[in-house]
Amino acid sequence: MNLEFFVHVSLVGILATYMLIVSALWADRYGLPRIDLPRGMTQLTFGDSFEGPAPYGWGIFIIMMNGIAFALLYATVFAQYLPGEPYIKGIIYAVILYFGAMFIFVPFFLKDGFFGLKGHKLGWITSLVLHLWYGLILGWLSPILPA
């Protein structure tokens, strides 16, 4: 993996994650529950202190770092083993991430139950749409490291 590959995949990860965050915040405009991912990640990571809630920007930063890390994982490890056209590979990868989030991250870290069913009953649909959007952009724009 050279520097150009790393930068390209990182920029795709930033773009895909940006679109994920914006779509989550605008979800109520297309009839789904709104999810404030940066606020949730800030609360999960930092919680409240004596000075009040942690800065919102840290939540965005942490989500962006996750998006870059998952993009690099896709481009270097997973994509070469997934079937189909690049955008199909990205969607399959997104579904894998979605189920990982719904079976591990949401119930055990967010304490929101499997598929987030302790929260809004349709929140799982918003999350699925967000993951698919991320995967579509990732598969469409990301290069893949050959085996």
Side-chain angles (χ1 to χ4, degrees), residues 1-47 54 56-147:
M1 174 171 53
N2 59 24
L3 181 62
E4 182 181 337
F5 178 86
F6 178 81
V7 170
H8 187 153
V9 175
S10 296
L11 290 174
V12 170
I14 290 169
L15 175 65
T17 306
Y18 173 78
M19 294 305 295
L20 179 137
I21 292 171
V22 169
S23 298
L25 294 173
W26 290 355
D28 57 345
R29 298 186 188 265
Y30 50 90
L32 292 172
R34 179 181 187 268
I35 301 175
D36 191 349
L37 295 171
R39 183 158 321 284
M41 189 58 77
T42 301
Q43 284 300 114
L44 177 68
T45 307
F46 300 104
Y56 193 78
W58 280 110
I60 294 172
F61 176 77
I62 292 167
I63 292 170
M64 284 292 179
M65 292 300 104
N66 281 329
I68 293 168
F70 283 122
L72 288 167
L73 192 62
Y74 166 79
T76 58
V77 178
F78 283 95
Q80 60 189 334
Y81 300 111
L82 297 173
E85 297 295 319
Y87 68 94
I88 298 295
K89 291 179 183 213
I91 290 172
I92 293 170
Y93 182 67
V95 170
I96 293 168
L97 290 178
Y98 171 74
F99 281 108
M102 293 297 118
F103 285 119
I104 298 169
F105 185 74
V106 172
F108 296 110
F109 291 95
L110 297 180
K111 308 284 190 232
D112 211 12
F114 291 104
F115 289 89
L117 292 177
K118 288 183 180 177
H120 195 287
K121 298 300 179 204
L122 297 178
W124 67 273
I125 297 173
T126 303
S127 182
L128 179 60
V129 168
L130 300 176
H131 280 86
L132 291 175
W133 188 228
Y134 175 84
L136 181 66
I137 294 170
L138 191 62
W140 175 41
L141 297 174
S142 179
I144 298 170
L145 192 67

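The figures that follow rest on heavy atoms only: side chains count, while hydrogens, waters and symmetry mates do not.
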- Query: When you measure from the side chain of Arg34 to the backbone N and O of Leu25, does any donor-acceptor pair fall under 3.5 Å?
  - Reply: yes
- Gap between atom CG of Leu138 and atom CG of Leu20 - 0.5 Å precision: 11.5 Å
- Task: Among Asp36, Asn66, Ile60, Ile21, find the residue that satisfies the side chain to side chain contact (heavy atoms under 4.5 Å, CB included) test when tested with Met41.
- Result: Asn66
- Assess whether side-chain contact (heavy atoms from CB on, under 4.5 Å) is satisfied between Ile137 and Tyr18, documenting all intermediate values. CA-CA 11 Å; Ile137 294 170; Tyr18 173 78; over 6 Å; no
- So Phe61 and Trp58, would you call those rings parallel, tilted or perpendicular, with 30° and 60° as cut-offs? perpendicular
- Can you name the closest pair of heavy atoms from Ala71 and Gly13 and give their distance? CB-CA, 3.7 Å
- List the atom of Pro33, the atom of Gly123, and the distance in Å for their closest heavy-atom pair. CG-N, 3.8 Å
- Message: To the nearest 0.5 Å, what is the distance between OG1 on Thr17 and CD1 on Ile68?
- Response: 7.0 Å
- Query: Looking only at heavy atoms, which two atoms of Ser23 and Leu130 are closest? And how far apart?
  - Reply: CB-CD2, 3.5 Å
- Looking only at heavy atoms, which two atoms of Tyr74 and Gly90 are closest? And how far apart? OH-N, 3.6 Å
- Could you state the interatomic distance from CH2 (Trp133) to CD1 (Ile91), rounded to the nearest 0.5 Å? 11.0 Å
- Message: Measuring from atom CG of Leu15 to atom OG of Ser10, what distance do you get when rounded to the nearest 0.5 angstrom?
- Response: 12.5 Å
- Query: Given side chains that start at C-beta, do those of Val9 and Pro143 come closer than 4.5 Å, heavy atoms only?
  - Reply: yes
- Query: What heavy-atom pair brings Gly135 and Ala94 nearest, and what distance separates the two atoms?
  - Reply: CA-CB, 3.6 Å
- Heavy-atom pair with the smallest gap, counting every atom of Leu145 and Gln80: O-OE1, 3.7 Å
- Task: Please identify each residue that fulfils ring pair (Phe, Tyr, Trp, His ring centres under 6.0 Å) with Tyr134, with sequence neighbours left out.
- Result: none
- Query: Is there a donor-acceptor pair closer than 3.5 Å between any side-chain N or O of Lys89 and the backbone N or O of Ala79?
  - Reply: yes
- Item | Check: Pro83 and Ile92 side chains under 4.5 Å, non-hydrogen atoms | yes
- Note on the structure: Those residues at least two apart in sequence (or on a different chain) that pass ring pair (Phe, Tyr, Trp, His ring centres under 6.0 Å) with Phe70 are none
- Partners of Phe6 by ring pair (Phe, Tyr, Trp, His ring centres under 6.0 Å), sequence neighbours excluded? none
- First locate atom CG of Leu11, then atom CG of Leu141, and finally report the distance between them rounded to the nearest 0.5 Å. 10.5 Å
- Message: What's the separation between atom OG1 in Thr126 and atom CH2 in Trp26, rounded to the nearest 0.5 Å?
- Response: 15.5 Å
- Item | Residues, nucleotides or ligands: over 12 heavy atoms within 6.0 Å of Tyr81 OH | no
- Message: If you count every heavy atom of other residues, nucleotides or ligands that lies below 6.0 Å from Phe5 atom CZ, does the total exceed 12?
- Response: yes
- Query: So, the side chain of His131 versus the backbone of Ser127: is there a donor-acceptor pair under 3.5 Å, distance only?
  - Reply: yes
